[in-house]
S.K.: 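Structure below; questions to follow.
Just the heavy atoms: all of them, side chains too, but no hydrogens, waters or symmetry mates, feed the values below. Order of the sequence lines sets the chain letters (A, B, ...), proteins ahead of strands, with each chain counted from 1.
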Amino acid sequence: MNQARRYLPLAGVLAVVIGAQILASATGKAFYLTQLTMAAYYCLLIIGLCVLMGYAGQISIGHAGFFAIGGYLSSALTSHDFSAHAGTLFMRTLDRAGLLLHHQSLYGESLLSFQPWLAFAIAVAVAILIAFLLGIPVLKLKGHYLAMATLGFGIIIYRIVLAAEFFGEADGISEVPPFILLPGLSVSGDFAARVQNYYIAWGLLLAGMLLLLNLINSRTGRALRAIHGSEEAAEAIGVNTARAKLYTFVLSAAFAAVAGSFLAHFNGGIGPSEASVMKSVRYVAIVAVGGMANLWGAMAMGILLNFMSLRGMFGSYDDAVFGAILILIMLFAPQGILSLFPGKVFGTRTRAGK
Amino acid sequence: MDLSLFLQYLFAGITYGVIYAIVAIGFNIIYNTTGIINFAQGEFLMLGGMISISLLQFMPLPLAIAAAVLITMAVGALIEMVFIRWIDNPSVLRMVIITIGISILIREAALHIWGESVRTLPYFIGSSVTAVTLFGTKISPQVLIVIGTCAIIVLFLSAFFRFTSLGREMRACAANRRAATLCGINVKNMVTLSFILSAGIGALAGAVMSPITYSQYDNGTGLAIKGFTVAILGGLGNSLAAVAAGLLLGIIEAFSISILPLAFQDAVAIAILLFILFVRPHGLFGSREAARLKEF
């Protein structure tokens, strides 16, 4: 695929994104932008998972866990009061470097918490570290074992956030402060900043998309597809399969953690449902609907289904809808829903369902 | 820890252990005939408990449980015929995703039928405070019923697989599908039968455990994870080893309560699962060579 063909769709999506914003603002339906912003953050996780599942062929039913690590650590570090630890050398060093935030509570007590940038970096770094440590043993497993091991990881994270006081137990964490990216540009749920946040989310998503598109069309991407085809054959032609799988796993976990962190700041909070198994299954379902090895398909379905779900279109059948989608797609169209339409409009086809 | 408390923990561990073993055996039966892991196995236990609770309003307890078991068996057969039977040579990834989807649909259906409330069957003998004294410690008779039922299920299954021709045919499918077909065994029917069988034992276990563990629309997932841990721990496909592994996990879990908060009980089981998967994916009792031949 030549360069122009790779980037042309990206420009097209950008045009649609801008068009949608102008249309929504002009017709007084700006509230749609809130759901589109959230959908874009979920989609960031989904495109990362798409590369892991579709291209490297490794299933993960624990990605909500990485999302929660990103979201919860960002939230906890920026909204809890750490003044009790202010005297420690670690905190004093951070303070001197200007990485801590002094502010006052409603009652005038002085509070001490982490700067969002630092919290974000810690959250993503922790997710990467955990993905790395988990990935080394887990990715040796295949099929059922890999599915169960990642599912088990997801449940452990869910249990921890549900049981730990630091993470707010069943209530989650609320009143997470805005994430000031640059002066005048911040991730927050403030109504005035809605349009700004819409573009932050979509800018992040498209940047992620660009990164992954380049990745799958590179030497590494070809190696990943070789692994999906046959791990033994890939090994035989000199692909370091263990390393390629591990890096993809870590990369997709990092995408999930970034998405979690940004969405927590945007929503001003995070709750344990974000870490639940059902969320992980939902992400797998969306990747499957998109056609497994089809980044554009995953992105389109990620936006569409998340938007519909966030608008409450599925009512109390929300989870059931995703379960049904999962079954129907796997039974009748394992190549993704776009494969049901003739032609090659929707990008490359692969043997993802096999 | 004094002896009485020790025995209390031990019996709690054995009770949960045999339930996990039944779930694991359910996994094994289906795995042996199809090579797939049915992620909806835990839902059969939930259905067994929930349906018997609902039927209890219309009929006496033994009849309600029997009917619940039969209905769940029909559900198992239906699942196999609608979703599994007509797929030729499916990949593992595809089957994993389909059975996860099935488990979600059953759970959501249960949520819409029974709601979120926690339900329970009454104690079969006496009430929740009735106790028999065993080795100097007080045990609820329900605990003995659960252990006894699970023991009977295991004995029945081993007799079934060993002495009946139907059981032998199912084992033939497990050993070699193609050879079994050549011998005139209808492999597809055997697969349906394996779903019926594992749905049935799941439902029975789900009904007898209901007074102790309660039934709720979503308690299948937890049981499935524990059951899978046990199945792996014993070596996938090996049902007698699953019993030993189930008791082991149940007892470890029960004693973990004395050190860790209750909320982390599940995390203990899953940590064991992850650990076993990493160091001995062929199980404590399985053989490394045999495991290499299977497609995981």
Side-chain angles (χ1 to χ4, degrees), chain A residues 53 57-59 61 134 136-138 140-164 169-170 228 276-278 280-282 284-285 287-288 292 316-332 334 351-354, chain B residues 27 31 35-39 82-84 86-87 89-109 111-112 218 221-222 224-225 228-229 231-232 236 260-279 281 291 294-296:
Chain A
M53 279 179 57
Q58 311 298 310
I59 192 172
I61 320 178
L134 183 74
I136 293 172
V138 158
K140 286 190 191 135
L141 308 169
K142 288 178 201 147
H144 300 127
Y145 284 23
L146 182 62
M148 270 293 179
T150 50
L151 181 61
F153 161 74
I155 292 181
I156 289 184
I157 297 293
Y158 180 62
R159 291 286 167 200
I160 289 174
V161 299
L162 208 54
E169 294 169 352
H228 193 184
S276 69
V277 173
M278 214 27 243
S280 293
V281 172
R282 168 179 300 203
V284 171
V287 172
M292 290 287 187
S316 65
Y317 293 95
D318 206 37
D319 286 344
V321 165
F322 282 93
I325 287 175
L326 206 50
I327 297 179
L328 291 175
I329 285 296
M330 278 295 131
L331 284 181
F332 301 112
R351 297 161 298 139
K354 286 281 247 186
Chain B
F27 276 123
Y31 177 78
I36 62 178
I37 291 289
N38 171 25
F39 278 70
V82 173
F83 298 112
I84 316 278
W86 53 275
I87 302 180
N89 207 4
S91 73
V92 168
L93 182 64
R94 202 169 156 199
M95 292 320 296
V96 167
I97 296 181
I98 288 177
T99 54
I100 289 176
I102 293 170
S103 82
I104 293 168
L105 285 191
I106 298 180
R107 199 158 61 234
E108 290 298 308
L111 175 63
H112 281 272
D218 67 348
T221 318
I225 292 270
F228 186 77
T229 309
I232 298 289
L236 208 50
L260 286 170
L262 185 63
F264 290 107
Q265 196 186 18
D266 283 351
V268 171
I270 295 162
I272 293 175
L273 167 68
L274 291 179
F275 182 72
I276 291 291
L277 283 176
F278 300 154
V279 294
K294 293 179 188 164
E295 195 198 335
F296 293 127

S.K.: Side chain from CB out, backbone as N, CA, C, O: work out which of these in A/Ile61 comes under 4.5 Å of a heavy atom of chain B, or both, or neither.
M.R.: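 For A/Ile61, the contact with chain B is made by the side chain alone.
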
S.K.: Checking heavy atoms, do the side chain of B/Ile102, its backbone, both or neither come under 4.5 Å from chain A?
M.R.: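 It is both, since atoms from each part get that close.
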
S.K.: Please state whether the side chain, the backbone, both or neither of B/Phe83 comes within less than 4.5 Å of a heavy atom of chain A.
M.R.: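 Both parts, backbone and side chain.
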
S.K.: Which bit of B/Ile98 is near chain A, if near means a heavy-atom gap under 4.5 Å: side chain, backbone, both or neither?
M.R.: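 When you check distances to chain A, atoms from both the backbone and side chain of B/Ile98 fall under 4.5 Å.
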
S.K.: What residues, two or more places apart in sequence or in another chain, satisfy ring-ring contact (aromatic ring centres under 6.0 Å, His included) together with B/Phe27?
M.R.: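 Partners of B/Phe27 by the ring-ring contact (aromatic ring centres under 6.0 Å, His included) criterion, ordered by chain and then number, come out as B/Phe228.
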
S.K.: If you count heavy-atom pairs under 4.5 Å with chain B, which of A/Ala320, A/Gly152, A/Ala324 comes out on top?
M.R.: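 It is A/Ala320.
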
S.K.: Please enumerate all residues that pass side chain to side chain donor-acceptor pair (under 3.5 Å) together with B/Thr221, with sequence neighbours excluded.
M.R.: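 Listed in chain order: B/Arg107.
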
S.K.: Please determine whether side-chain contact (heavy atoms from CB on, under 4.5 Å) holds for the pair B/Met95 and B/Ile84, giving the CA-CA distance in whole Å, both sets of side-chain angles, and the decisive distance to 0.1 Å.
M.R.: CA-CA 8 Å; B/Met95 292 320 296; B/Ile84 316 278; 3.5 Å; yes

S.K.: Is it the backbone or the side chain of A/Val138 that comes under 4.5 Å from a heavy atom of chain B, or both, or neither?
M.R.: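 Contact with chain B is through both the backbone and side chain of A/Val138.
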
S.K.: Between A/Ala288, A/Ala147, A/Ser316, which shows the greatest number of heavy-atom pairs under 4.5 Å with chain B?
M.R.: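 Of A/Ala288, A/Ala147, A/Ser316, A/Ser316 has the most heavy-atom pairs under 4.5 Å with chain B.
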
S.K.: Heavy atoms, side chains only, cut-off 4.5 Å: are A/Val281 and A/Asp319 in contact?
M.R.: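 The answer is no, as the side chains (C-beta and beyond) never meet within the 4.5 Å cut-off.
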
S.K.: Of all heavy-atom pairs between B/Arg94 and A/Met330, which one has the smallest distance, and what is that distance?
M.R.: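 Here B/Arg94 and A/Met330 meet closest at NE-O, 2.7 Å.
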
S.K.: With a 4.5 angstrom heavy-atom cut-off, could you sort out which part of B/Ile37 is near chain A: side chain, backbone, both or neither?
M.R.: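 Answer is both: backbone and side chain atoms of B/Ile37 are under 4.5 Å from chain A.
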
S.K.: In sequence, state the C-alpha distance, the side-chain angles, and the governing distance for A/Leu326 and A/Phe322, and then conclude on side-chain contact (heavy atoms from CB on, under 4.5 Å).
M.R.: CA-CA 6 Å; A/Leu326 206 50; A/Phe322 282 93; over 6 Å; no

